[in-house]
K.L.:
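This is the structure I have questions about; it appears just below.
In this chain, residues are counted from 1 in sequence order.
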Amino acid sequence: MFDPKALLDQVLGGVGPDGQRKGMSPEMVKGLAGGAALGGLAGILLGGKGAKKLAKTALKVGGTAALAGLAYKAYNDWQAAKSGSAPTPGNDRPPPAEGTAFLPAIPKARDDLSLSLLRAMIAAAKADPRVAAALALRGVTDVASQVHMETWPIGAHIPDYLNDGRRLIWTPMWLRPHPSANVYSHPINGVYAIVDLRTNEVVAVEDHGVTPTPMTPGDWRLDQTGGTVQLKNLDITQDQGPSFTVDGWHVDWERWSMRIGWDQREGLVIHTVSFDDNGNRRAIAHRLSIAELVIPYGDPSQGTYRKNAFDTGEYGLGNYTNSLTLGCDCLGEIVYLDIALADPRGNVRNIKKAICMHEEDVGILWKHIDVDGHTEVRRGRRFVVSSIVTINNYEYGYFWYFYQDGTIGVEVKATGIPFPTGIAVGSPSTYGNIIAPGVDSHAHQHVFSFRFDMAVDGDQNAVRETNFAGKPMGPGNAYGNAIVPIETALARESEAQRNLDMGTQRYWKVINTGARNRLGQPTAYKLVPGVNALPYLDPEAPIARRAGFMYRHFWATRYHPDELYPCGWYPNQHEGGDGLPKWVKEDRPLENENVVVWY
C-alpha cells in the first residue's frame, strides 16, 4: 500500500524504529535515475498531467527541496483522506489559517517541516513558467544557477484576492552571473513571485515592467578588489589574562556581576545585572535585550513597497548568529561562549564562538591637574559582551558595555551591503540615492527597540522625566541666565509615552522610591538618549500599524511576563495594534512597581 507519509519521512529525514533520523542522501538522489525518476514520483504524489509536468520542471532546479514541498501537499491530502474529507484540489485556495500567521491551523508535526519548505519555496518560484518567462524578457535564461532569490515576509498590503489568512512570502531577485559575484550587484527589477507557505504554491507572479538589469560589478572580496591598504600590526595582550571570571553563563568583572543569555528570537540577552558597592551587592536590572528591529523602506513603487522587515519578530534574529573569529571580529584576550539552537525539527545545532567577551581600554576615565601641579590620570576600561548576526544583506553587531563608573552602554553596529533595486540608467532616484549605474538604494530606517527590565536597588521602582527650561528675565532672574531642571513623575502608563525634545534636553530616570543615596535623594539610573528620529511613515501604513512603538521614543510599562516584544509575539501579517500600544491601554500604575523601560 502506497504510504505518502513514509515517503515524506524518507525524503525529509524521518525517525526510524531505532530512533535515528533517516533521510535521502545526495547519493540516494543521484541513484534514482536523475530528475526524471524523482519527477515521476512527485507526479504520482500530486496526480494529474499538469502536476506531473510541474514536478518534472521543479525537480530539475530544486532537487529534494522541491520534492519536500510536493510531498508535503500529498501528506496533507493523505491525512484528509484518512479523516474522510476530500483533499483540497490543486487550484483551490486553502482555508484561512486560524489565529495569527505564526499560529497556523496545522499540527505541529507538519509545521516542523518549515525549513525544508523554505528551500522548496525558492525552488518552486524558480520552476514557475511565469517567473521564467518574465526573467527571459530581462535577458536571464539560466534561472537555476544565476538567479539569487530571497524569501521575505509579505511586509505590507496583501492583494485582496490573497488576503484570506494564508501565510505568504515574496521573492526579490538578483542576477549572479558567476558564483563569486556580489549577490546584490545586479538587481532584477519589477518581477516578484508570491508563494503560499502552507502549500508551497506560487500563487501570483507580478511583473511591473522591464528595467534593464544593471551589470556594473560590485565585487567586494579582497582577491577581487586588490585592496592594498596595509597597516603595521596592532597587538592587544594581557599577560595575566582577562580581569573577568566565567562560571558557565555567569560572569564577574571588576565590581559587576551578570548572567549572559541568548535566544533564537532576540539573540544576545543580559540577565541579573548587579554592582558591588563596597560589599553591598546592589541590583540594577533583571533583563536587558534588543527586543525588536523593524526596517521600513521608503519606496512606494509597485513590488518594492513590500520591503519591510521585522528582523527580530519575523526572522528570529538569533538564528542568524555568526561564529566569531579571533583577530577579525574581536581583539584582545577573548573568552567565547558557544550557543545551541534548535532547527524546525527539534535537532540541535551548535554555533561555536557565538558570543565574545573581552575588555577594552576606553581612554581617560578621570583626570585632573591640581593648582600645585600634582596630576593624576585614571584610565578607563570597559567589559564588552557582543555577538554579530547576518540577515541577508545586513550584518548587525550587538555590543553591551559595562564601565567602571557604573554606566551601562549598548551599541548596534550595522554593516554589510545596502539593499539595492534596479532603476533605468540615467534616471534620478526619487526615494534614495544612485550608488552605481542602474542601481538605486532606497531611504529606509532601522528602528531598534531596547527593552530594559529594571531593578534599581530592588523592584520598588518608579519613572521620572526631567526637562530643562529657562526663566524670563525679571524678578528672580535679573540677568536672564537661569536654567531650571523640572522633574515630573510619570505615574501611569498613559503618562509614560514620550518623545525626545532637543529644546529641553529631556531625559528619564528609573528611581527607587525607598532607597536613598548619601544626599537623601532616591537612587536612580538615568537613560541617556542617543541620536534618534521618528518614523516618516504614515501612521495608517500597514507596517506602521504593526510597529506602533516607533511613534514614541520612550515607553514605560509595569512588568508582565508575557510582554517581551514591543510588537507582540506574532507580528508577521498581523493587522496591527498589538504590543506596547495595546498593553498601555490598561494604564497600569508605575509607582513602586517592577518597571520595564522601552527605548
K.L.:
Could you walk me through whether Tyr570 and Glu314 pass the side chain to side chain donor-acceptor pair (under 3.5 Å) test, one step at a time?
P.N.:
CA-CA 8 Å; Tyr570 309 106; Glu314 288 179 333; over 6 Å; no

K.L.:
I need the Thr557 OG1 to Glu563 CD distance, nearest 0.5 Å.
P.N.:
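Reported value, rounded in 0.5 Å steps: 5.5 Å.
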
K.L.:
Let me see the working for Arg255 and Asp276 under salt bridge (charged side-chain N to carboxylate O under 4.0 Å, His left out), right down to the final yes or no.
P.N.:
CA-CA 5 Å; Arg255 289 162 290 171; Asp276 187 337; over 6 Å; no

K.L.:
Taking atom NZ of Lys413 as the centre, does the number of heavy atoms from other residues, nucleotides or ligands within less than 6.0 Å exceed 12?
P.N.:
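Counting other residues, nucleotides and ligands, NZ of Lys413 exceeds 12 neighbours.
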
K.L.:
Please examine the side chains of Ile511 and Asn461, heavy atoms only from C-beta on, and report whether any two atoms are closer than 4.5 Å.
P.N.:
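No - every pair of side-chain heavy atoms lies 4.5 Å or more apart.
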
K.L.:
My understanding is that only residues two or more places apart in sequence, or in another chain, count here; which of them pass side chain to side chain donor-acceptor pair (under 3.5 Å) with Asp578?
P.N.:
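Scan of Asp578 (side chain to side chain donor-acceptor pair (under 3.5 Å), adjacent residues dropped) gives none.
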
K.L.:
What pair of heavy atoms forms the shortest contact from Phe399 to Ser386, and how long is it?
P.N.:
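Shortest heavy-atom contact: CD2-CB, 3.4 Å.
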
K.L.:
Does Pro589 have any side-chain contact (heavy atoms from CB on, under 4.5 Å) partners at least two apart in sequence or in another chain, and if so, which?
P.N.:
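In terms of side-chain contact (heavy atoms from CB on, under 4.5 Å), with neighbours along the sequence ignored, Pro589 is linked to Arg492, Arg558, Glu593.
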
K.L.:
Under the ring pair (Phe, Tyr, Trp, His ring centres under 6.0 Å) criterion, do Trp174 and Phe419 qualify, and how do the steps go?
P.N.:
CA-CA 11 Å; Trp174 295 264; Phe419 190 105; 5.3 Å; yes

K.L.:
Holding to side chain to side chain donor-acceptor pair (under 3.5 Å), I want the full list of residues that pass it with Thr211, two or more places apart in sequence or in another chain.
P.N.:
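Scan of Thr211 (side chain to side chain donor-acceptor pair (under 3.5 Å), adjacent residues dropped) gives Asn189.
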
K.L.:
How about CD1 on Ile483, more than 12 heavy atoms from neighbouring residues, nucleotides or ligands closer than 6.0 Å, or not?
P.N.:
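No, not enclosed.
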
K.L.:
Suppose the criterion is ring pair (Phe, Tyr, Trp, His ring centres under 6.0 Å): which pairs have a residue in residues 357-382, not counting sequence neighbours?
P.N.:
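Applying ring pair (Phe, Tyr, Trp, His ring centres under 6.0 Å) to every pair that reaches into residues 357-382, excluding sequence neighbours, yields nothing.
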
K.L.:
With Thr272, which residues qualify under side chain to side chain donor-acceptor pair (under 3.5 Å), at least two apart?
P.N.:
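By the side chain to side chain donor-acceptor pair (under 3.5 Å) rule, Thr272 matches no residue at all.
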
K.L.:
Considering residues at least two apart in sequence or located in another chain, which fulfil the side-chain contact (heavy atoms from CB on, under 4.5 Å) criterion with His446?
P.N.:
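Testing His446 for side-chain contact (heavy atoms from CB on, under 4.5 Å), a comparison that skips the adjacent residues, returns Leu293, Ile295, Tyr394, Tyr396, His444, Phe448.
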
K.L.:
Is the Lys NZ or Arg CZ of Lys526 less than 6.0 Å from the centre of Tyr507's six-membered ring, within 45° of the axis?
P.N.:
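Verdict for Tyr507: a cation-pi partner in Lys526.
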
K.L.:
Can a cation-pi geometry be assigned to Arg265 and Tyr565, taking NZ or CZ under 6.0 Å from the six-membered ring centre and within 45° of the ring axis?
P.N.:
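Yes, Arg265 sits over the ring of Tyr565.
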
K.L.:
Start with the C-alpha gap between Phe452 and Tyr599, add the side-chain angles, then the distance that decides, and say whether ring pair (Phe, Tyr, Trp, His ring centres under 6.0 Å) holds.
P.N.:
CA-CA 8 Å; Phe452 308 123; Tyr599 176 75; 7.7 Å; no

K.L.:
Tell me whether Arg382 forms a cation-pi arrangement with Tyr401, defined as NZ or CZ under 6.0 Å from the six-membered ring centre and within 45 degrees of its axis.
P.N.:
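Judged by the rule, Arg382 and Tyr401 form a cation-pi pair.
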
K.L.:
In the structure I gave you, are the side-chain heavy atoms of Val269 and Leu288 within less than 4.5 Å of one another anywhere?
P.N.:
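The answer is no, as the side chains (C-beta and beyond) never meet within the 4.5 Å cut-off.
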
K.L.:
Quick one: are the ring centres of Phe310 and Tyr315 less than 6.0 Å apart?
P.N.:
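Judged by ring-centre distance (under 6.0 Å), Phe310 and Tyr315 do not meet the cut-off.
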
K.L.:
Please determine which of Asn280, Thr513, Thr523, Asn517 meets the side chain to side chain donor-acceptor pair (under 3.5 Å) test together with Asp457.
P.N.:
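Exactly one candidate clears the test, Thr523.
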
K.L.:
Could you walk me through whether Glu254 and Trp256 pass the side chain to side chain donor-acceptor pair (under 3.5 Å) test, one step at a time?
P.N.:
CA-CA 6 Å; Glu254 218 251 21; Trp256 288 98; 5.3 Å; no

K.L.:
Show the nearest heavy-atom pair for residues Arg287 and Ser289, with the distance to one decimal.
P.N.:
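Distance-wise, the nearest heavy atoms are NH1-OG, 3.4 Å.
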
K.L.:
Report, as yes or no, whether the 6.0 Å neighbourhood of atom CG on Asn481 holds more than 12 heavy atoms from other residues, nucleotides or ligands.
P.N.:
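Correct, the count exceeds 12.
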
K.L.:
When you look at CH2 of Trp249, are more than 12 heavy atoms from neighbouring residues, nucleotides or ligands closer to it than 6.0 Å?
P.N.:
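Enclosed.
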
K.L.:
State whether the number of non-hydrogen atoms from other residues, nucleotides or ligands found under 6.0 Å of Phe468 atom CZ is greater than 12.
P.N.:
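More than 12 within 6.0 Å, yes.
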
K.L.:
Testing the basics here: between Trp253 and Glu359, what is the closest heavy-atom pair and its distance to 0.1 Å?
P.N.:
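In this case the closest contact between Trp253 and Glu359 is NE1-OE2, 2.8 Å.
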
K.L.:
Take a 6.0 Å sphere around CD of Glu487 and say whether it holds more than 12 heavy atoms from other residues, nucleotides or ligands.
P.N.:
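Counting other residues, nucleotides and ligands, CD of Glu487 exceeds 12 neighbours.
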
